[in-house]
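Accompanying notes for the structure given below.
Only heavy atoms go into these numbers, but all of them, side chains included; no hydrogens, no water, no symmetry mates.
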Amino acid sequence: MHILLKIALTTVFVMMMAHPAWCDIHALVVGINEYKHFGKLDGAVNDARDLADALHKLRAKKVITLLDQQASRDAILGAWKTLANEAKAGDILIFSYAGHGSQSKERIPGSEEDGLDEFYVLTHFNPNGPDSRERILDDDIAEMIHNAPHLQTMVISDSCHSGTMTRGTKKGLLKYRRLPQQSITNDAMTEETTATRGIDESAAMQRAVSFSAVSDREEVPEITIDAKQRGAMSWAMANGLRGAADLNRDGQITQQELKSYVNEKIRTVTDGIQHPQIKTRNAIHLTLNTDRPASAVHRNKPAMAETRSAELPLLVKPDHHPVITALSKQAGIKVVDSRLPGTWLLDVANNSLVSPLGDVHYDFSRISRGFVRATPDTPSDPVFVGTLSMTELTHALNKVMLVERIKQLDQENGLALALLPDDRHYTKGAAVTLRLSNLQYPYLTLINLGADGTINFLYPKSKLNDTVDIPINKPYDLSLTVAPPFGADHFVAIASKTVLKPLHGELEALDGGRDVRKIGQLFEQYLTPSVEYQIGVHGVFTGLK
């Protein structure tokens, strides 16, 4: 199968290339939590409702929402046909799906390059017998697009089928939108497919633009966002379509703006677990609600002083450990007795602090020193052995709470950060490049927060004679070296309209220390409502091997 046709595997956004001066939006939104024969999900219906709400705010002419049992095969195909018939030439026709995805042996031998059909799993799907028909094949999606050549077609698919996570995560309570490969017997699906109809799937998809939320090696987890279970792509896409992806505030959302916004937000909220694989071909524009000025669709960026994290839920194992008493008295921490979604885990037996995503955020047997600027004489620091003490734990938790506060500033128009050559485990001495893009202001401030709370002031460093300003409207690369890592590091980048020289001086004085609370105080002092700036947060997982 052509790679662009793997719609059911990953989260994909597809548009046809035509672009009229004005067009209406028609949408079919599907979300399935309940499965008769498989494990239920918690966030797919939330995704569907949120995306439907965003489409209404985008002034969609018609939105059909099908949830759980409403979303049968016949209902989905019928609703799509109805919308396609009602839409005029050049309109945008959207189909979104949130739910389980899976694979099965190809129905038509030789029709798929990998020998497998990918499909959306519907509520009543059973691999054997009459309900085996309750699935939507990748062939079906291709045919839907093929049969609407007069429309711009968008498919948002928050589902997956594939592989394993690329990081050493402990999956824990996370639910994944994937079912194992299904063996279909007594197949009740008798409809012809694109292969038997003689439709060239690849040719149809060559007219498309694809935004894929994960690589073929990854899965789509359900994560906690704003106290609800969600899929990161649906959350990012809904916010983007409400106006947050209108980065230049001109009342239009371009393909490039969506790419930049969705890419960065998925990386931010998943701490790099999901890696969007975005492939674009054509220039697409969506018109926002023109009843208001373009700037009105944007929330004012809150000042740092206005951000406050909810109490951090923390489960301690074993549940009788004496550290619980001390933690119960610490501001911002809520010790809980069960691990619900969104809960952090302090695994005392393994000296580790585990994030809700399943990452070992910090291993207390070793101290992280994070990232330093790459220079010819970069020191090879020793690895320090630490212990699980209240002091170490406080530093690590203060760092976590600060990052959560900073993320509240990064809801729209943020900086896009990425590590090159790719996001993965990085070990001691590794050379990496941090790339910043979507830069709209010229004055850069960059720090890294290590897993143990260590502060690395990275730019601008006076001893390296860094220039105060950097080029805007194009990516900016900074070479870094990993100095003894273990855990989750977070880069925090600020691009400001005016130079924040006093902030730079105070951050440089904190370099190498662990007074993370002071960072929060400095941001409150300098990131006020009168300051024009962008901010970005990028998590990276570092380990000894």
Sub-6.0 Å ring centroid separation between H100 and Y35
yes

Salt-bridged, [X] to [Y], with N to O below 4.0 Å?
X    : Y    : result
R230 : D158 : no
R49  : D53  : no
D187 : R135 : yes

Backbone N or O of E34 within a donor-acceptor pair of the D68 side chain at under 3.5 Å?
yes

Hey, does the side chain of D246 reach the backbone of G243 with a donor-acceptor pair shorter than 3.5 angstrom?
no

If we only count heavy atoms from C-beta on, is the [X] to [Y] side-chain gap below 4.5 Å?
X    : Y    : answer
I76  : L122 : yes
V269 : K407 : no
V492 : V403 : no
I32  : Y120 : no
L345 : R339 : yes
L28  : T82  : no
M233 : V220 : no
T224 : L340 : no

Spacing of [X] atom [atom1] and [Y] atom [atom2] [to the nearest 0.5 Å]:
X    : Y    : atom1 : atom2 : result
I253 : R242 : CD1   : CZ    : 11.0 Å
D50  : N239 : CG    : CG    : 6.5 Å
I94  : L58  : CD1   : CG    : 7.0 Å

Quick one: do R73 and D140 satisfy salt bridge (Lys or Arg N to Asp or Glu O under 4.0 Å)? Show the steps, please.
CA-CA 10 Å; R73 176 178 174 82; D140 295 318; 2.8 Å; yes

How close do [X] and [Y] get, counting heavy atoms only, and between which atoms?
X    : Y    : answer
Q103 : E118 : NE2-OE2, 3.1 Å
D47  : S234 : CG-CB, 3.4 Å
A488 : K399 : O-NZ, 2.7 Å
L93  : L83  : CD1-CB, 3.6 Å
A75  : Q70  : CB-O, 3.4 Å
P313 : G342 : CG-O, 3.4 Å

Aromatic plane relationship, F119 with F125 - under 30° parallel, 30 to 60° tilted, over 60° perpendicular:
tilted

Check the angle between the aromatic planes of F95 and W80 and answer parallel, tilted or perpendicular using the 30° and 60° thresholds.
perpendicular

Output, in order, the C-alpha distance, side-chain angles, deciding distance and verdict of side-chain contact (heavy atoms from CB on, under 4.5 Å) for L434 and L446.
CA-CA 10 Å; L434 178 66; L446 178 66; 3.6 Å; yes

Go through the structure and list residues passing ring pair (Phe, Tyr, Trp, His ring centres under 6.0 Å) with Y476, not counting sequence neighbours.
none

Using a distance-only test with no angle check, is there a side-chain donor-acceptor pair under 3.5 angstrom linking E264 and T268?
yes

Test side chain to side chain donor-acceptor pair (under 3.5 Å) applied to S437 - qualifying residues, sequence neighbours left out
none

